[in-house]
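Structure first, commentary second.
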Amino acid sequence: MNSPTLSVRIARKVTEATDILSFELVDAGGAPLPSFSAGAHIDVHLPNGIVRQYSLCNDPGECHRYLIAVLRDPASRGGSTAMHDRVHEGDVLQISAPKNHFPLVHEARRSLLLAGGIGVTPILCMAERLALSGAEFDMHYCTRAPERTAFLNRIRLSAFAPRVHLHFDDGPSDQRFDLAATLAGPQPGVHLYVCGPKGFMDAVLASARAQGWPEHQLHYEFFAAEVQTSATDTAFEVRLASSGRTIAVGAGQTVTAALAAAGVDVPTSCEQGVCGTCLTRVLAGEPEHRDAYLTPEEQAANDQFLPCCSRARSPLLVLDM
Ligand code: FES
């Protein structure tokens with residue numbers, strides 16, 4: 001069952017940079033919106049019937065509005081195109097209440113915030129929050145070019161502007177992002193947050209792990225990930241612990257699709273293993289994790305998996321449902 005939604009009106013739709021629009025959402029009835037914390041996102045129900053997650057990028061102290069930003073993605077599966085072309089000022093949309101799978105660790109001694117492109121949205125919200133609380137942090141924001149850099153003016157006019165290091169791919173070499181130097185010498189109490197395109201995040205996380213950053217000091221949120229499928233994928237079965245019912249999952253079928261075909265509804269959203277909506281406990285059997293949501297340690301524990309994309313190494317998985 002999906003959670004109840006809120007009706008919001010698009011109060012403003014603004015071009016923030018090439019191919020990036022921001023949308024200011026206010027409660028359709030004029031009431032205050034539920035509060036949120038830095039790193040939170042909302043599910044937005046789009047006019048074409050699909051649901052997409054967008055991080056909130058306004059000051060988390062605000063409750064009169066939510067601000068999201070959307071990059072027009074040439075490889076869009078319908079989300080960014082619908083937001084750009086079919087959502088207009090004055091429209092009313094349904095959204096979820098904010099959820100946070102990417103929270104700040106408030107007891108951190110220092111925070112290192114890394115944003116790649118549109119991944120700036122949750123990172124900017126974190127910078128606002130950390131600046132407000134007087135916390136120690138640095139933010140690195142990597143984009144292709146200034147005209148493709150959303151919220152540049154907002155950052156330059158902010159109180160935390162001196163803490164933000166901008167890196168443009170088309171800029172002089174002395175301002176390029178030096179990943180290895182930025183991540184050198186991990187320290188206890190220093191937490192790293194990264195959000196951006198998959199290639200950027202993979203590079204950051206690989207470098208951090210290679211330099212010895214402990215997993216609990218790494219925090220990340222993927223926007224989208226390609227769901228891996230393989231010609232060698234095989235069929236398996238899932239058993240519902242509550243009823244004992246066993247359902248076959250075909251070689252070319254996801255677990256959520258097999259369950260839906262059997263009349264068992266698992267809430268889903270991204271269907272790419274990035275949002276965590278479909279997270280399900282595994283009571284027996286060995287999952288084959290294909291998500292970008294669980295940490296390597298959580299995956300290794302094999303007691304939960306994301307059935308929208310992950311499969312099974314064992315012939316049977318017993319699910320806590
Ligand atoms: S629906 Fe998003 S992780 Fe499964």
Side-chain angles (χ1 to χ4, degrees), residues 1-5 39-46 48-56 68 70 73 75-80 82-83 94-103 118-119 121-122 194-198 201-202 205 218-230 233 236 238 240 247 249-250 252-283 285-313 317 319-321:
M1 238 185 344
N2 288 313
S3 2
T5 56
H41 71 272
I42 51 172
D43 295 339
V44 177
H45 296 249
L46 295 165
N48 54 2
I50 61 177
V51 180
R52 287 290 176 264
Q53 294 74 47
Y54 295 107
S55 295
L56 299 176
I68 59 174
V70 182
D73 178 1
S76 170
R77 294 176 301 135
S80 73
M83 286 299 292
Q94 299 301 306
I95 63 167
S96 71
K99 310 174 200 181
N100 199 341
H101 300 148
F102 190 35
I118 193 65
T121 50
V194 56
C195 189
K198 188 170 180 322
M201 296 186 58
D202 286 347
L205 292 171
L218 301 179
H219 310 273
Y220 44 90
E221 184 160 74
F222 281 87
F223 276 135
E226 239 165 73
V227 176
Q228 312 152 32
T229 52
S230 157
D233 286 350
F236 56 97
V238 293
L240 312 183
I247 294 160
V249 181
Q253 199 178 26
T254 62
V255 176
T256 43
L259 290 170
V264 181
D265 185 28
V266 178
T268 57
S269 187
C270 70
E271 297 182 55
Q272 291 185 297
V274 296
C275 75
T277 304
C278 65
L279 188 68
T280 301
R281 288 219 314 138
V282 176
L283 302 177
E286 187 186 352
E288 184 194 338
H289 299 284
R290 295 187 178 181
D291 66 281
Y293 176 77
L294 296 171
T295 64
E297 276 117 356
E298 286 170 335
Q299 289 189 345
N302 279 339
D303 57 357
Q304 52 187 344
F305 86 140
L306 281 313
C308 68
C309 62
S310 295
R311 304 186 63 77
R313 287 192 201 287
L317 292 179
L319 306 181
D320 187 15
M321 57 172 56

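Note: hydrogens, waters and symmetry copies are ignored here, and every other heavy atom, side chains too, is used. Computed from a predicted model, the values in this text were never measured in an experiment. In each ligand, atom 1 is the first atom listed, and ligand 1 is the first ligand listed.
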Interatomic spacing from [atom1] in [X] to [atom2] in [Y] - rounded to 0.5 Å:
X: R311; Y: E288; atom1: CZ; atom2: CD; value: 7.5 Å
X: F305; Y: R281; atom1: CZ; atom2: CZ; value: 13.0 Å
X: F236; Y: L317; atom1: CZ; atom2: CG; value: 6.0 Å

### Task
List in chain and number order the residues that pass salt bridge (charged side-chain N to carboxylate O under 4.0 Å, His left out) with D303, two or more places apart in sequence or in another chain; answer none if no residue qualifies.
none

### Query
Among all residues two or more places apart in sequence or in another chain, which pass the side-chain hydrogen bond (donor to acceptor under 3.5 Å, both in side chains) test with H219?
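By the side-chain hydrogen bond (donor to acceptor under 3.5 Å, both in side chains) rule, H219 matches H191.
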
### Task
Using side-chain hydrogen bond (donor to acceptor under 3.5 Å, both in side chains) as the criterion, list what pairs up with T280, not counting sequence neighbours.
none

### Query
Under a 4.0 Å heavy-atom cut-off, which residues neighbour ligand 1?
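Within 4.0 Å of ligand 1, the protein residues are T268, S269, C270, E271, G273, V274, C275, G276, C278, L306, C308.
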
